[in-house]
Every structure is written in C-alpha cells, then in structure tokens.
2 protein chains.
Amino acid sequence: MNAHHHDHAPKLSRNQNEILSCLRDANEPMSAYAILDRVRKTGISHPPTVYRALNDLMRKGMVHRLQSRSAFVACDHGACDGKFAFAICRACDKVVEISLSDEDQAGLLALAPDEIAPEQVTLELAGLCQSCRPAASA
Amino acid sequence: MNAHHHDHAPKLSRNQNEILSCLRDANEPMSAYAILDRVRKTGISHPPTVYRALNDLMRKGMVHRLQSRSAFVACDHGACDGKFAFAICRACDKVVEISLSDEDQAGLLALAPDEIAPEQVTLELAGLCQSCRPAASA
DNA sequence: ATGGCTGATGATATAACATAACAGCGAGAC
DNA sequence: GTCTCGCTGTTATGTTATATCATCAGCCAT
Ligand SMILES: [Zn+2]
Ligand SMILES: [Zn+2]
Ligand SMILES: [Zn+2]
Ligand SMILES: [Zn+2]
C-alpha cells in the first residue's frame, strides 16, 4: 500500500479494486453477472462478492447504477456525490455521465411535491447516439 | 368499477383491464408478481401474461414503471405521454406522480450531451414523505 | 361451412438479477 | 495466545423478466 502519495482516493479492498478496475477497463455499463464473469480469473466467484463490492463502491460514489438497465458503471470523475445523471443510447448502450450543477440539482429537487421532501435524484435520459442515428432518410 | 373517467381511453383487452384495475385499486406501486398474486382469482396465472399486459399498458402510457423499485403504478392522469416523473418516499414507498411541463421536459432533455440525442426522460426523486419524517413539530 | 389468417391468451421453462445467512480467516488489540 | 472485527467465501434461495411454443376466438375469402 502506497501511503505518502496524496491521492484522495479512499482505500479500497482487494475485491473493490478488482471490480472497479474491471468497470473502468470496460468503459461501458456491465451487469453484475458480466462483472462476475470477468473477474473469475482473480478468484471472485460468487454473486454476493460482486454485489458487496459494487454496493461499497456506490456508497463511495465511485460506481453508479443505471436503474433503467440494471447495470453498473464506473464514475467518470473518480467519484461523485449524488449530482450526476446519465444519457444512454437505447441502441448501443453507450453511456455518458452528466455532471449536474448545483442549480440543476436544485431545480430537479424543486419538482418534488410538498408531500415528499426529496433527497436524491435519479435521472436517466434515453435516446440515440450519433453513430446509432439513422443516416438521413432517402 | 365506476368508469367515469374521460373516455379517451383506448380499448383494452380483458387482461389489460384486470391489471390496470388492480393497479388503480392498489393506489401504490406493485411488483409484477404482487399483481400476479392479486389477479389469480380472475384467471391470470403466469408471469408472461402479467408482463404482456403491463408492457401494453406502458406503451399506451396508462401504467408507468418505477425504475428504482422494479415496480409498476397506474398513471394518475389516465395516461401520460412521457412528461412525467415520480417522487418516492424511501421509507413507506408512497409515490406521487409529477407532471412535467413542456419547459421542464425541455430543460431535462437539454441536459443531454451533444453525442446523445435524448428522446425519453426517466426522473425519480427519492426522499421522505410527511408521515415518515421525524416529527419535529415544534 | 371450411380453412387459413391474425391477434390475444395460456403454459412451460429458463434466464437474469439480487440478497439472506452463515462459515472461515487474518490482522491488530490486549 | 486468544479475542474481536472486518473482509471474504460459500450455500442456498428469492425476485424479476423473457423466450418459446401451444391454443383459442374472431374474421373473412372462398
Ligand atoms: Zn459520477
Ligand atoms: Zn448508440
Ligand atoms: Zn402518468
Ligand atoms: Zn413515507
């Protein structure tokens, strides 16, 4: 463990590191079971191990879950604290993480009705990426 | 069931009616399997039947899926055309449907990056409803 | 009427996603 | 040493969703 470098990354366990690396290498959303397949070579071999690490990483903001896909993706920014959204291509599953400004976030929370005091935003925009858009009709 | 809603309703099949009634009666989100349990008495007895009806109803905008809960809820407005969001109590699962104005919707779509042309918004706000909030009634 | 077409439904089987519960192990405290 | 704690491993099961094929009823052309 390299201690005297001042990177601000929280220290991760072996499994958390494996799974985060896997997601970063993939550079696209992966299901928990797809992750499991990829990390079998490192000794991880059961779903709960994967879900534990994913949940820990999500708590740290380093992994996000795409609710509309039941898939997980490494945070583009190392870690986020809740002010993010996603744009997702419905054809090829390409994902772009969107950073929400404080104003964006406030605007979203302001949509909540009086009965519910909102704490957390889940925002996913689905559409088509450039490569998947029909090349001009003929 | 009293059917004094606006009758712009597209005609529904028997199963679609059963399942929509079930969701409207429940007045809260239900999982597909919870729906299945409730409509067994009407003769529906297998998951695909429920999912077929739910998907048809979602296509018609009369049922929405809460992505963060894997649960389904009847549209509060009879039917919506994509401009809705939800606020959800994380303690009691109470759900409030939010109608998005055209401006809200446009604002949300505008968050998408250039690479992805957004078509559809999934927005869910999680928090605590009044009954579930620590009663700080000073 | 017969038979073929179509859309809705029924049924079986299985895939895909997620968690509960308990067992084992290793590092540091004492 | 041995106790405790956090992490990991393992078994078993629960929950959500779909692929696939069979069946049935209405419709309509012949
Ligand atoms: Zn992030
Ligand atoms: Zn694409
Ligand atoms: Zn609605
Ligand atoms: Zn509540």
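Scope of the values below: all heavy atoms of this structure, side chains included, with no hydrogens, waters or symmetry mates. Throughout, a chain's letter reflects where its sequence line sits, starting with A, and its residues are numbered from 1.
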I'd like to know if Y33(A) reaches the base of dA15(C) with its side chain such that a donor and an acceptor end up less than 3.5 angstrom apart.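 No, no donor-acceptor pair under 3.5 Å.
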
At less than 3.5 Å, do the side-chain atoms of R52(B) and the base atoms of dG7(C) form a donor-acceptor pair?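 No.
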
Look up atom CG in D37(A) and atom CE in M30(A), then write down how far apart they are to the nearest 0.5 Å.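 So the gap between those two atoms works out to 8.0 Å.
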
Could you give the [atom1]-to-[atom2] distance, from [X] to [N], as a whole number of Å?
{"X": "I19(B)", "N": "dA8(C)", "atom1": "CD1", "atom2": "P", "answer": "14 Å"}
{"X": "Q16(B)", "N": "dG7(C)", "atom1": "CD", "atom2": "P", "answer": "14 Å"}
{"X": "D37(B)", "N": "dG14(D)", "atom1": "CG", "atom2": "P", "answer": "14 Å"}
{"X": "L54(A)", "N": "dA18(C)", "atom1": "CG", "atom2": "P", "answer": "9 Å"}
{"X": "L57(A)", "N": "dT8(D)", "atom1": "CG", "atom2": "C1'", "answer": "15 Å"}
{"X": "N55(B)", "N": "dA8(C)", "atom1": "CG", "atom2": "P", "answer": "14 Å"}
{"X": "L36(B)", "N": "dA17(D)", "atom1": "CG", "atom2": "C1'", "answer": "12 Å"}
{"X": "F72(B)", "N": "dT15(D)", "atom1": "CZ", "atom2": "C1'", "answer": "12 Å"}

Of the nucleotides [options], which one has an atom closest to the side chain of [X]?
{"X": "Y51(B)", "options": "dG9(D), dA17(D), dT9(C)", "answer": "dA17(D)"}
{"X": "H46(B)", "options": "dC7(D), dA11(C), dT9(C)", "answer": "dA11(C)"}
{"X": "P48(B)", "options": "dA11(C), dA17(D), dT8(D)", "answer": "dA11(C)"}
{"X": "P47(A)", "options": "dT9(C), dT19(C), dT16(D)", "answer": "dT19(C)"}
{"X": "R65(A)", "options": "dA17(D), dT9(C), dA18(C)", "answer": "dA18(C)"}
{"X": "S70(B)", "options": "dT16(D), dT9(C), dA18(C)", "answer": "dT16(D)"}

Which sits closer to the 5' end of DNA chain C, T49(B) or R69(A), going by the nucleotide each is nearest to?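 First, find each residue's nearest nucleotide; the 5'-ward one identifies T49(B).
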
Salt bridge check, E124(A) against R69(A): does any charged N sit closer than 4.0 Å to a carboxylate O?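 A salt bridge is absent here (no side-chain N lies under 4.0 Å from a carboxylate O).
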
Would you say R65(B) and Q67(B) are linked by a side-chain donor-acceptor pair, where the criterion is simply a distance under 3.5 Å?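 Distance-only check passes for Q67(B) and R65(B).
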
For Y51(A) and F72(A), take the angle between the two ring planes, folded into 0 to 90°, and tell me which bin it lands in: parallel under 30, tilted 30 to 60, perpendicular over 60.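 Answer is perpendicular, since the angle exceeds 60°.
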
Between S13(A) and dC7(D), is there a side-chain N or O to OP1/OP2 distance below 4.0 Å?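 S13(A) to dC7(D) OP1/OP2: no side-chain N or O under 4.0 Å.
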
Under 3.5 Å, is there a donor-acceptor pair between the side chain of K83(B) and the main chain of C80(B)?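 No.
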
